[in-house]
**Q** 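My structure is below; once you've seen it, I'll send some questions.
The figures here come from the full heavy-atom set of this structure, side chains too, leaving out hydrogens, waters and symmetry mates. Remember, it's 1-based here, ligands and their atoms both numbered in the order they're listed. Numbering of residues begins at 1 and proceeds along the displayed sequence.
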Amino acid sequence: MGKFVVGNWKMYKTQQQAGEFIESFAKSVRADDPSDSWVGLAVPFTLIGQMHSLCRDFNCPLHIGAQNMHSAEQGAFTGEIALEMLLEQGAQFAILGHSERRRHFLEDDAFINLKVKRALSRKFRAIVCIGDTKEQQQEGRAIKVLHDQLDKTLAGISQEEAALLMIAYEPVWAIGTGQIASPDLIEKAHRECRSWLLKRFPDQAIPLLYGGSVTEANAAEIRSIDQVDGILVGGGSLSAQEFAVLKNHFFK
Ligand code: PGA
């Protein structure tokens with residue numbers, strides 16, 4: 001299995017700031033990054049086309065993706081975006097079911113499942129986010145919650161389609177708070193998700209990413225945790241220098 005580092009810019013950055021980021025990040029790309037490493041950056045819709053061209057111009061091996069998409073091909077869904085529109089801009093993947101989408105926009109597992117089906121049926125890479133709340137963890141329900149989210153968001157996905165899946169485990173309470181989950185907890189959650197994935201999709205090696213307050217200070221430690229194939233990084237992906245250092249620590 002390769003190593004995966006994915007940034008999530010959320011609702012940050014203008015076109016000018018995105019240009020400055022790529023110019024700086026492109027300089028940090030090392031010739032000795034492992035050949036099976038994969039770096040993605042999920043940006044606002046308005047930046048996908050520009051970032052895609054900039055990566056080509058600067059010879060920057062970043063995969064540019066979206067942070068969400070609708071499940072329908074097209075339709076009267078004010079404010080939403082369709083997969084075809086993302087493809088036209090050069091998007092190479094989408095994050096689906098991020099906890100901020102679940103919390104602020106009331107996305108549920110059934111809706112996320114429709115999005116995942118749509119993405120995979122068009123051979124478009126989907127990074128599906130799952131995660132437990134502090135309360136669920138304290139009540140000892142975290143693993144059940146994760147299994148339930150996997151059951152529901154990945155219902156009806158075939159073995160072949162699962163080849164383009166990645167799963168991001170992000171404890172809700174660790175996102176944007178500076179409170180990273182302990183290595184033990186991360187390992188336990190990843191082990192449980194791995195065994196679920198192996199049972200359900202035995203033919204596929206599906207990358208499992210950890211997300212929630214990953215910084216350059218803890219990236220190397222997270223890398224050493226068993227069953228962690230990658231990281232999903234919010235705040236730490238906004239600065240080109242920090243994202244580059246973080247990537248280098250994770251790929252080391
Ligand atoms: P954070 O966000 O790295 O800022 O905690 C992670 C995420 O939202 O995926």
Side-chain angles (χ1 to χ4, degrees), residues 3-13 17 21 25 38-45 47-48 51 62-69 91-107 109 112 115-116 119 125-134 136-137 142 145-146 149-150 153 165-183 185-186 189-190 193 206-223 225 228-251:
K3 290 277 170 209
F4 303 80
V5 172
V6 182
N8 172 15
W9 274 0
K10 310 192 179 187
M11 199 172 71
Y12 290 100
K13 290 203 192 290
Q17 292 165 335
F21 178 98
F25 187 78
W38 195 95
V39 189
L41 192 56
V43 300
F45 299 137
L47 301 178
I48 293 173
M51 291 288 279
L62 255 183
H63 297 86
I64 300 300
Q67 302 166 17
N68 178 34
M69 56 171 245
Q92 290 160 291
F93 71 94
I95 294 177
L96 300 176
H98 189 280
S99 74
E100 285 154 14
R101 300 288 319 165
R102 293 172 186 260
R103 191 164 78 238
H104 301 303
F105 305 101
L106 308 183
E107 289 192 9
D109 288 325
I112 296 162
K115 297 175 186 224
V116 178
R125 186 178 289 282
I127 302 181
V128 180
C129 298
I130 57 172
D132 50 317
T133 63
K134 194 87 199 170
Q136 290 161 340
Q137 195 211 118
V145 166
L146 298 181
Q149 289 176 351
L150 288 168
T153 57
L165 260 183
M166 288 190 205
I167 304 296
Y169 165 61
E170 301 200 292
V172 174
W173 47 271
I175 297 176
T177 59
Q179 287 175 42
I180 187 166
S182 71
L185 198 144
I186 297 176
H190 278 242
C193 292
I206 297 173
L208 261 175
L209 280 54
Y210 168 79
S213 297
V214 178
T215 63
E216 49 185 282
N218 57 32
E221 186 184 13
I222 296 170
R223 177 193 193 278
I225 300 173
V228 175
D229 307 308
I231 43 178
L232 180 53
V233 187
S237 67
L238 289 169
S239 140
Q241 286 87 347
E242 183 174 358
F243 192 48
V245 171
L246 212 147
K247 163 186 87 63
N248 293 343
H249 283 190
F250 197 77
F251 289 159

**Q** List the closest protein heavy-atom neighbour of atom 4 (O) of ligand 1: residue, atom name, distance to the nearest 0.1 Å.
**A**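 The closest one turns out to be Gly235 N, 2.9 Å.
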**Q** Nearest heavy atom to atom 5 (O) of ligand 1: which of Gly176, Pro171, Cys129 does it belong to?
**A**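 Checking each option, the heavy atom nearest atom 5 (O) of ligand 1 is found in Gly176.
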**Q** Can you find a non-hydrogen atom of Gly236 under 4.0 Å from ligand 1?
**A**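 It does not; every heavy atom stays at 4.0 Å or beyond.
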**Q** Below 3.5 angstrom, do we get any N/O pair linking Gly212 and ligand 1?
**A**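 Gly212 vs ligand 1: no N/O contact under 3.5 Å.
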**Q** Over 60° means perpendicular and under 30° means parallel, so tell me whether Phe4 and Trp38 are parallel, tilted or perpendicular.
**A**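 Rings of Phe4 and Trp38: tilted, 30 to 60°.
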**Q** Judged by atom type as modelled, is there a donor-acceptor pair below 3.5 Å linking the side chain of Gln92 to the main-chain atoms of Gly65?
**A**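 No; zero donor-acceptor contacts below 3.5 Å.
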**Q** Phe21 vs Trp9 aromatic rings, parallel, tilted or perpendicular, using cut-offs 30° and 60°?
**A**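 Correct class here is perpendicular.
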**Q** Checking Arg223 now: which residues fulfil side-chain hydrogen bond (donor to acceptor under 3.5 Å, both in side chains) with it, not counting sequence neighbours?
**A**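 Counting only residues at least two positions away or on another chain, Arg223 forms no side-chain hydrogen bond (donor to acceptor under 3.5 Å, both in side chains).
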**Q** Taking atom CZ of Phe45 as the centre, does the number of heavy atoms from other residues, nucleotides or ligands within less than 6.0 Å exceed 12?
**A**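 Yes, the 6.0 Å shell around CZ holds more than 12 heavy atoms from other groups.
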**Q** Going by distance only, is there an N or O of Ile175 that falls short of 3.5 Å from an N or O of ligand 1?
**A**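 Such a contact does not occur with ligand 1.
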**Q** Measure the distances from the heavy atoms of Gly211 to every atom of ligand 1 and state whether one is below 4.0 angstrom.
**A**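 Contact check Gly211 vs ligand 1: negative.
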**Q** For a side chain to side chain contact (heavy atoms under 4.5 Å, CB included) with Asn68, tell me which candidate from Lys115, Glu100, His98 qualifies.
**A**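 Among the candidates, only Lys115 passes.
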**Q** With a cut-off of 4.0 Å, which atoms of ligand 1 are near a heavy atom of Leu232?
**A**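 Near Leu232, the atoms of ligand 1 are 9 (O).
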**Q** Please name all residues satisfying salt bridge (charged side-chain N to carboxylate O under 4.0 Å, His left out) with Glu216, sequence neighbours left out, ordered by chain then number.
**A**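 For Glu216 there are no salt bridge (charged side-chain N to carboxylate O under 4.0 Å, His left out) partners, ignoring immediate neighbours.
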**Q** Should Val233 be counted as touching ligand 1, given the test is an N or O pair under 3.5 Å?
**A**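 Min N/O separation from ligand 1 is not below 3.5 Å for Val233.
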**Q** Give me the nearest non-hydrogen protein atom to atom 3 (O) of ligand 1 as residue plus atom name, then the distance to 0.1 Å.
**A**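 Here the nearest protein heavy atom works out to Gly234 N, 2.8 Å.
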**Q** Could you check whether atom CD of Glu221 has more than 12 heavy atoms from other residues, nucleotides or ligands sitting under 6.0 Å from it?
**A**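 Check fails, neighbour count at 12 or below.
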**Q** Could an N or O of ligand 1 be found under 3.5 Å from any N or O of His98, whether backbone or side chain?
**A**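 Between His98 and ligand 1, an N or O pair is found under 3.5 Å apart.
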**Q** What residue and heavy atom of the protein are closest to atom 7 (C) of ligand 1, and at what distance?
**A**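 In this structure, atom 7 (C) of ligand 1 has Glu170 OE2, 3.2 Å as its nearest protein heavy atom.
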